[in-house]
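Accompanying notes for the structure given below.
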Amino acid sequence: MLNIAVTTPKGNTSQIECTIDSCSIGKSDENLIALQGWTVAKKHATIQRKPDGVYLDDLGSSSGTEVNGQKISGRHGPLRPGDKIAIAGYTLEVLDLELPAAAAAAPATTPAAVAPAPTLQPAAAPASSAAAAPPPPPAPSLDDEARATMTRHLKRVHQLLIKQMDLRRMDVSRQSEDELRTNTRALLEEIVLKDKELPPEIDRERIIKQVLDEVVGLGPLEDLLADELVTEIMVNRYDEIFIERAGKLTKSDITFTSDLAVVGAIERIVAPLGRRIDESSPMVDARLKDGSRVNAVIPPLALKGANLTIRKFSKKKLQGEDMVRFGSMTHQMLDFMKTVVEQKANMIISGGTGSGKTTLLNLLSSFIPPDERIITVEDAAELQLTQPNLIGLESRPANAEGKGLVAIRDLVKNTLRMRPDRIVVGECRGGEALDMLTAMNTGHDGSLTTAHANTPRDCLARIEVMVMMSGLDLPIRAIREQIASAIRFFIQQSRFSCGSRKITHITEVTGMEGDIIQLQDIFLFKQEGFGADGKVKGKHVATGAIPDFYQDLKNRGLDVDLSVFQAGRVL
């Protein structure tokens with residue numbers, strides 16, 4: 001027989017008696033203990049009474065099972081009085097748990113008898129095979145023990161907070177964010193002050209801050225978001241967070257308390273945008289208040305648990321001088337790009353993921369004169385333009401019934417009815433490329449967009465494929481003629497292994513010869529290996545080709561400096 005206490009995430013406790021020596025736990029109604037939640041497996045775990053004690057078996061669930069704040073794998077035990085089992089926010093405790101006399105009298109060489117605290121090792125071998133058993137694993141370090149203790153108390157205080165908020169019937173929906181944070185902090189201070197279980201060495205203020213961030217903000221991500229050196233945050237699962245700092249990926253010591261905490265953070269991000277994430281819609285794109293890009297995926301699509309990717313935007317908008325100081329470009333290249341934007345040349349910024357395309361698009365868009373009407377089209381609003389005559393459009397995913405989808409292509413088509421001088425599309429990924437080329441060819445000069453490609457020539461091929469995705473059966477020559485007449489410049493942005501980002505090509509489209517679009521490089525980045533600090537070394541040089549666009553400007557009577565295009569000139 002087993003007597004088990006079950007505490008729900010809201011703090012309600014009930015006792016369940018199992019008349020046999022095996023109790024199954026999971027989402028299915030076939031289990032004696034049925035738990036709710038998308039992170040609970042149909043058959044999640046079992047608790048079994050054996051002659052030498054009570055054991056817990058995790059049945060390979062993706063969200064896992066914890067004992068006293070530590071995740072277990074396979075069999076764990078024997079359980080000890082007071083052991084807390086955590087599954088998807090629920091807490092379970094075997095109440096009729098006593099160490100059997102056989103275990104208490106076991107020889108000192110038996111690992112299970114000398115363990116000072118629950119371990120994550122399988123059940124101890126019988127005494128007859130003790131000599132052949134492997135030595136016990138090393139005791140966890142003090143840092144690991146301190147971290148586990150902190151996590152356990154964080155979960156407990158979190159549950160106490162939810163229980164108190166339920167008891168006081170706090171209507172959080174009617175409170176502003178500032179009011180909710182103030183009231184919740186006051187309640188947490190009261191809970192921590194009266195909590196007799198908190199050890200004296202635990203930092204009370206840290207407990208309050210972390211629980212407050214998890215309940216009201218984005219949990220442990222708040223500190224990472226506040227760190228200006230962190231450019232990307234990748235939550236692989238609740239206890240596995242990687243960050244990009246100075247272009248390098250490292251694993252962070254910061255963790256969430258559970259998968260439910262990660263999902264809560266995701267919901268707080270997407271809810272204000274009118275988007276949702278659940279089992280029927282397990283993927284979502286969103287943004288933070290500062291414009292940072294967010295992507296989230298939850299089970300059943302995410303096998304390791306809910307994950308979250310945040311590409312942060314700098315609180316300070318990067319200017320041209322900042323890009324020059326970082327070595328991404330030179331003053332001559334900056335002046336050149338400013339001139340071609342002001343003189344309405346259509347441009348495409350190409351590059352790989354994380355190469356800085358959107359940052360460069362932000363910079364180039366800032367050069368558009370303030371007396372022109374600009375319409376931006378994006379999947380998630382990221383551009384930060386300051387011109388007065390500006391309209392921003394954002395696509396919308398379908399709802400739970402599969403209705404209400406507004407795609408990028410629909411928005412690009414609609415912009416043509418809004419009297420734009422410039423159209424800026426955050427990124428072309430599909431059939432909207434044809435509509436963008438059409439706009440560039442029909443009086444909307446100076447439009448800009450980005451695309452994923454490794455070189456300008458690759459970008460041409462990718463645009464052809466995207467036009468074919470529009471559903472129109474166009475001959476390849478007609479597509480290439482549209483591209484050659486619409487696009488004037490490609491700007492290639494690359495991210496190197498050291499983490500630095502540079503413009504590697506500024507390339508002009510010069511027309512067609514036969515069926516081939518002709519390109520000429522104007523500026524290039526010549527790599528010269530790596531320095532002692534591991535950073536890429538090289539220089540930007542002019543190829544010697546004078547852009548046809550500049551020749552046109554000169555013929556129109558504009559004063560342009562052609563000396564910057566001298567062959568081999570180091571910029």
Side-chain angles (χ1 to χ4, degrees), residues 273 285 287 289-293 313-323 329 334-351 356-396 406-451 463 466 485-491 493 503 506 549 553 558:
L273 304 177
D285 284 311
R287 67 179 187 276
K289 292 179 180 179
D290 63 358
S292 297
R293 186 188 309 169
F313 269 22
S314 174
K315 295 180 181 179
K316 173 182 176 293
K317 183 179 176 182
L318 292 179
Q319 305 296 323
E321 290 298 325
D322 297 321
M323 306 283 277
M329 65 181 77
L334 178 63
D335 293 340
F336 173 81
M337 290 187 292
K338 182 177 181 181
T339 298
V340 296
V341 170
E342 291 175 344
Q343 298 303 320
K344 294 192 170 184
N346 294 322
M347 288 193 290
I348 291 186
I349 301 168
S350 64
K357 298 186 300 296
T358 304
T359 300
L360 184 57
L361 181 63
N362 244 325
L363 173 64
L364 297 185
S365 299
S366 69
F367 296 145
I368 299 175
D371 58 347
E372 296 188 28
R373 179 173 172 82
I374 308 168
I375 300 180
T376 65
V377 179
E378 302 173 83
D379 261 332
E382 298 172 313
L383 296 175
Q384 302 168 313
L385 306 186
T386 57
Q387 287 87 340
N389 197 352
L390 172 69
I391 291 180
L393 303 179
E394 186 178 49
S395 65
R396 185 179 69 184
V406 181
I408 288 284
R409 188 173 186 190
D410 300 323
L411 295 177
V412 173
K413 288 179 180 178
N414 193 71
T415 59
L416 303 179
R417 307 183 185 97
M418 300 172 68
R419 201 259 175 222
D421 290 311
R422 311 269 189 139
I423 300 173
V424 180
V425 178
E427 183 180 342
C428 282
R429 296 189 182 94
E432 64 271 8
L434 176 60
D435 302 294
M436 193 68 184
L437 292 176
T438 302
M440 289 176 170
N441 276 320
T442 54
H444 301 93
D445 294 332
S447 296
L448 301 104
T449 187
T450 71
I463 293 172
M466 289 191 289
S485 61
I487 301 169
R488 199 62 187 260
F489 290 100
F490 287 98
I491 300 177
Q493 181 90 358
I503 294 176
I506 295 181
F549 186 73
L553 295 181
L558 294 178

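Computed from heavy atoms alone, side chains included, the values below leave out hydrogens, waters and symmetry copies.
Taking R429 as the reference, D379, E427 meet the side-chain hydrogen bond (donor to acceptor under 3.5 Å, both in side chains) condition, with sequence neighbours excluded. Taking the side-chain hydrogen bond (donor to acceptor under 3.5 Å, both in side chains) definition, one finds that D285 meets it with N295, sequence neighbours left out. Residues passing the side-chain contact (heavy atoms from CB on, under 4.5 Å) test with S366, sequence neighbours excluded: K317, L363. For R293, the side-chain contact (heavy atoms from CB on, under 4.5 Å) criterion is met by R311, T358, E382, not counting sequence neighbours. In this view, D322 and K316, L318, Q319, R325, F326 satisfy the side-chain contact (heavy atoms from CB on, under 4.5 Å) rule, not counting sequence neighbours. Listed by chain and residue number, nothing satisfies the salt bridge (charged side-chain N to carboxylate O under 4.0 Å, His left out) test with R417 (two or more places apart in sequence, or in another chain). In this structure D435 satisfies the side-chain hydrogen bond (donor to acceptor under 3.5 Å, both in side chains) test together with R409, sequence neighbours excluded. In terms of the side-chain contact (heavy atoms from CB on, under 4.5 Å) criterion, residue partners of I391 (sequence neighbours excluded) are, by chain and number, R373, I375, L393, M418. Under the rule for a side-chain hydrogen bond (donor to acceptor under 3.5 Å, both in side chains), T438 has no partner lying at least two apart in sequence or in another chain. Residues passing the ring pair (Phe, Tyr, Trp, His ring centres under 6.0 Å) test with F490, sequence neighbours excluded: none.
We find the NZ-CE distance between K413 and M436 to be 15.0 Å, quoted to the nearest 0.5 Å. To the nearest 0.5 Å, the span separating CG on L411 from CG on L416 amounts to 11.5 Å. Atom CZ of residue R422 and atom OG1 of residue T415 lie 14.5 Å apart, to the nearest 0.5 angstrom. Taking CD1 of I408 as the start and CZ of R396 as the end, the distance is 13.5 Å to the nearest 0.5 Å. From Q387, atom CD reaches atom OG of S365 across 7.5 Å, with rounding to the nearest 0.5 Å. One finds the CZ atom of R287 at 11.0 Å from the OG atom of S292 (value rounded to the nearest 0.5 Å).
Looking at T449, its side chain does come within 3.5 Å of a backbone N or O of V425 through a donor-acceptor pair. Here the side chain of S350 pairs no donor or acceptor atom with the backbone of A451 at under 3.5 angstrom. Between the side chain of Q493 and the backbone N or O of L360 there is no donor-acceptor pair closer than 3.5 Å. Using a distance-only test at 3.5 Å, with no hydrogens or angles considered, no donor-acceptor pair links the side chain of D445 to the main chain of K344. Looking at N362, its side chain never comes within 3.5 Å of a backbone N or O of L383 through a donor-acceptor pair.
Closest non-hydrogen pair, M329 versus I503, comes out as CE-CD1, 3.7 Å. Across all their heavy atoms, C428 and A433 have their closest contact at SG-CA, 4.2 Å. F367 approaches E342 most closely through the heavy-atom pair O-CG, 3.6 Å. For G392 against T376, the heavy-atom pair with the smallest separation is CA-OG1, 3.2 Å. Of all the heavy atoms in T450 and G426, the pair that sits closest is OG1-O, 2.6 Å. Shown here for M440 and A486, the closest heavy-atom pair between the two residues is CB-CB, 3.8 Å.
Between L364 and M347 there is a side-chain heavy-atom pair separated by less than 4.5 Å. Under the 4.5 Å side-chain criterion, counting only non-hydrogen atoms from C-beta, T339 is in contact with L553. Looking at L334 and M323, their side chains never come closer than 4.5 Å, going by heavy atoms from C-beta outward. Considering only heavy atoms from C-beta on, L385 stays 4.5 Å or farther from I368 through its side chain.
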Are I348 and I463 close enough, and set up right, to give a side-chain contact (heavy atoms from CB on, under 4.5 Å), and what steps lead you there?
CA-CA 10 Å; I348 291 186; I463 293 172; 3.4 Å; yes

